[in-house]
Amino acid sequence: MKPELLLPVGNTEAFYAALEGGADAVYLGLRNFNARGRAQNFAPNQLQSLLKESQRSGLKVYLTLNTLIKNSELPTLLDMLYMLSQTTVSSLIIQDWGVYYLLNKFFNKLPIHASTQMGIHNSTGTNYLHTKSFERVILARELTLPELTEISRKAKIELEIFAHGALCYSFSGMCLFSSYLGGMSANRGLCCQPCRRIFNSSQNSDYFFSLKDNQLIELLPQIMKLNISGIKIEGRMKAAEYVYNVARAYRMVIDDPTKMEAAKEILKYDFGREKTSYFFGGNIENAITEDPYIGIYIGKVSSSDEHSFSFKTLHRLKIMDRLRILPKSGTDARAIKIKEFKKKKGERKKENGLLGKVVTIQTDKIKVNREDKVFLIGLADIKFKSKFTLEGKRLKLHMPEDKKKNILNKIGSSKILSRQQLFIRINSFDWLRKLYFDKFDFLILNLSKKEWEKLNPHSPFLKKNSRKLIIQLPKFISERDIDFYGSICSHFFRAGISSFMLSHISQKLILPDSHKITLCASENVYALNDVAIQFLKEEFIKFYVYPFENDHQNLLAGKDRKGIVPLYFHPELFHSRMPVLFNHKDTPTQSDLPTGQAKIPSFRDDRYTYKKLVRDGITIVIPEVPVSLLQFKDKLVKEGFRRFLIDLSCVKPSQNTFNRLLKKFHTSTAEQPGTSFNFKAGLR
């Protein structure tokens, strides 16, 4: 059976482009709660028109609700779910476990797909979602073809993969970089694309993290032999012609793989970046691009004045073609439409606007300088309808207030604990010699594979403190490592250590099947709102860490006071499977050692310095300066919070450091240097 071809729709023109290009389905967002908050998106009345048009054309429509929800947004979320329950959308694509909880309990006729933002990357994840009645999961982009093959063999749920479009450097759903730079959370649809920026290392400046665009069309015949239900194209921010051309190309190969070369020719005009088949194709060595911008390079500005600029090109340009002008600095690119070709004295103007090989373009809007690069980013000769002619039934936009209040009143608890509890986290067992176990309540062990293999759970020291120990599982567990972590957990459980911290809720399936196990959730299992917390409690999660990118206002807006508030930590801004090199001396594994034993590469932008770590093949980027909220501890206690975390991961093991931070915790004193992340400024 052929896989479904799924196209992105950011506006009305893109919808009709997908339809004409041969899409089986489209995905789109409304103006709230979707991971492309910067796209034009759709109003409810437009959605109804689109759905009516889709029904007439036999097109499925998937609606994205794939962002994290703050407590103050829960009433609006309920209104949206109520409104969507009146429509014929084919499914909702979600990230937040709070959204899942509401759908499952109160709107269970709406089918659910798991967004790639959920970070599903192994068969444990797919099978867990199957138990939760998800219809489909959109897998992480970082899988290899053998991994996809194995997952598809084991999966009990429909699978979907991204086959074309932009790639994020970090695992989707695990990137905090944009949030760190000013509260614009990638997990809430407002990514400012830090991976596309120039950074400076000790030896050079470059786009260290800017990936080429994904293109799997050559692998499509192999992928079609697997149990894959959906082939998805990225690009809700892209123009309609992109949607049309990419749809045509992938439609062509899905219907007839012998037309591969013709399809690849079409894709030359997707106006994207250079292409990579990434982990699927096994060619990550050259996956970083030198130019983070989209478009086809067509020339360099040779001269300019106040009203025009000239450049030499072999491309045939027309009025209304779109160009991007990239300054020599490599930043602040600007887009223009060709409105007029300027004719120089003595030159004969050709019909298509070309003046031989030199083009002079009239412009009054932007300043163009000599040596600026010119890119073609859109053609004038592809046009699509920009308005819907059909109208659907009028929707009720607001849930009745009594029903809404009834739902929200049933969710969450404002119970306050009677005593404080302090959690310490370490990522190296070198720390074990530096800590006083009588000074805290729980110790979270977040170790590397090598250290787990070396650590003896039967040692007298660990046996003595076994009730305080929590074993943390990593954010990414490859298909081949599932058995490794399952055996580690069983080994420690048999030794009397019964508390485990999940970095993905599906990791429950890895643990020994015993009612004696205490389940915890790391900050990566997002407990950003009371409904998500309600879901975790019903999954028997006893301890849960509030998200690192949380803010004070959101904490107070919720009822819950039982979560663990992180007071000191180095946030993982990037968590990536993709290695990155800063210079010829750097290697992908040189810092794959316990913190303090390796020379850790650093780099910076115009504001901050960052460090790169490599751990079990995962590249992790952290800020050099930690986030410290220790000075707010007493205030938080007065507000009802009693559980706190000091995360010593990424800190050189030192008894003095431990004692100093412990003292500042008890006196509610600031640690300097330190930042407050989004705690005061707010999470957007």
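Everything quoted here is computed from the prediction, not taken from an experiment. Numbers here are sequence positions counted from 1.
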Query - Steps toward side chain to side chain contact (heavy atoms under 4.5 Å, CB included) verdict (Asp560, Tyr544) - result: CA-CA 11 Å; Asp560 187 76; Tyr544 42 92; 2.7 Å; yes
**Report entry** Evaluation steps, side chain to side chain contact (heavy atoms under 4.5 Å, CB included), between Ser602 and Glu624
**Finding:** CA-CA 8 Å; Ser602 65; Glu624 183 178 56; 5.6 Å; no
Requested in this report: Begin with the C-alpha distance, continue with both residues' side-chain angles, and end with the deciding distance and a verdict on side chain to side chain contact (heavy atoms under 4.5 Å, CB included) for Ile377 and Tyr293.
Outcome: CA-CA 10 Å; Ile377 60 171; Tyr293 295 97; over 6 Å; no
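Between the CG atom in Asn550 and the CD atom in Glu523 there is a gap of 11.5 Å [rounded to 0.5 Å]. Remark: Arg684 CZ to Asp551 CG distance equals 11.5 Å, nearest 0.5 Å. Going from atom CD1 of Ile477 over to atom OG of Ser503 covers 8.0 Å, rounded to the nearest 0.5 Å.
Side-chain atoms of Tyr546 come within 3.5 Å of backbone N or O of Gly563 as a donor-acceptor pair. A donor-acceptor distance shorter than 3.5 angstrom exists from the side chain of Ser668 to the backbone of Asp634, with no hydrogens or angles considered.
The environment of CD in Gln553 is sparse: at most 12 heavy-atom neighbours from other residues, nucleotides or ligands sit within 6.0 Å. Heavy-atom contacts from other residues, nucleotides or ligands closer than 6.0 Å to CD of Glu290 number 12 or fewer. No more than 12 heavy atoms of other residues, nucleotides or ligands sit less than 6.0 Å from atom NZ of Lys373.
Aromatic ring centres of Phe208 and Tyr169: separated by at least 6.0 Å. Ring centroid separation for the pair Tyr180 and Tyr608 comes in under the 6.0 Å cut-off. Ring pair Phe543/Phe423: centre-to-centre distance below 6.0 Å.
You'll find the side chain of Trp452 reaches within 4.5 Å of the side chain of Ile471, heavy atoms only. Between Cys195 and Leu211, the closest side-chain pair of non-hydrogen atoms is not below 4.5 Å. Asp206 has its side chain out of reach of Ile288: every pair of non-hydrogen atoms, C-beta onward, lies at least 4.5 Å apart. Leu573 is listed as a side-chain neighbour of Pro623, based on a closest heavy-atom distance under 4.5 Å. Inter-residue side-chain proximity for Phe535 and Ile505 is flagged as met; some heavy-atom pair is nearer than 4.5 Å. Looking at heavy atoms from C-beta onward, Leu63 lies in side-chain contact with Leu28 at the 4.5 angstrom threshold.
In this model, a donor atom of one side chain and an acceptor atom of the other lie less than 3.5 Å apart for Ser649 and Asp647.
Checking Leu683, Asn678, Leu190 one by one against Met184, the side chain to side chain contact (heavy atoms under 4.5 Å, CB included) holds for a single residue, Leu190.
A salt bridge is absent between Glu572 and Arg615: the closest approach of a Lys/Arg side-chain nitrogen to an acidic carboxylate oxygen does not fall below 4.0 angstrom.
Both the sub-6.0 Å distance and the 45° axial angle are satisfied by Lys633 relative to the ring of Phe665. At least one test fails for Lys475 against the ring of Phe171: distance under 6.0 Å to the centre or angle within 45° of the axis. Taking the ring axis of Tyr278 as reference, the NZ or CZ atom of Arg141 does not stay both within 45° of it and closer than 6.0 Å to the ring centre.
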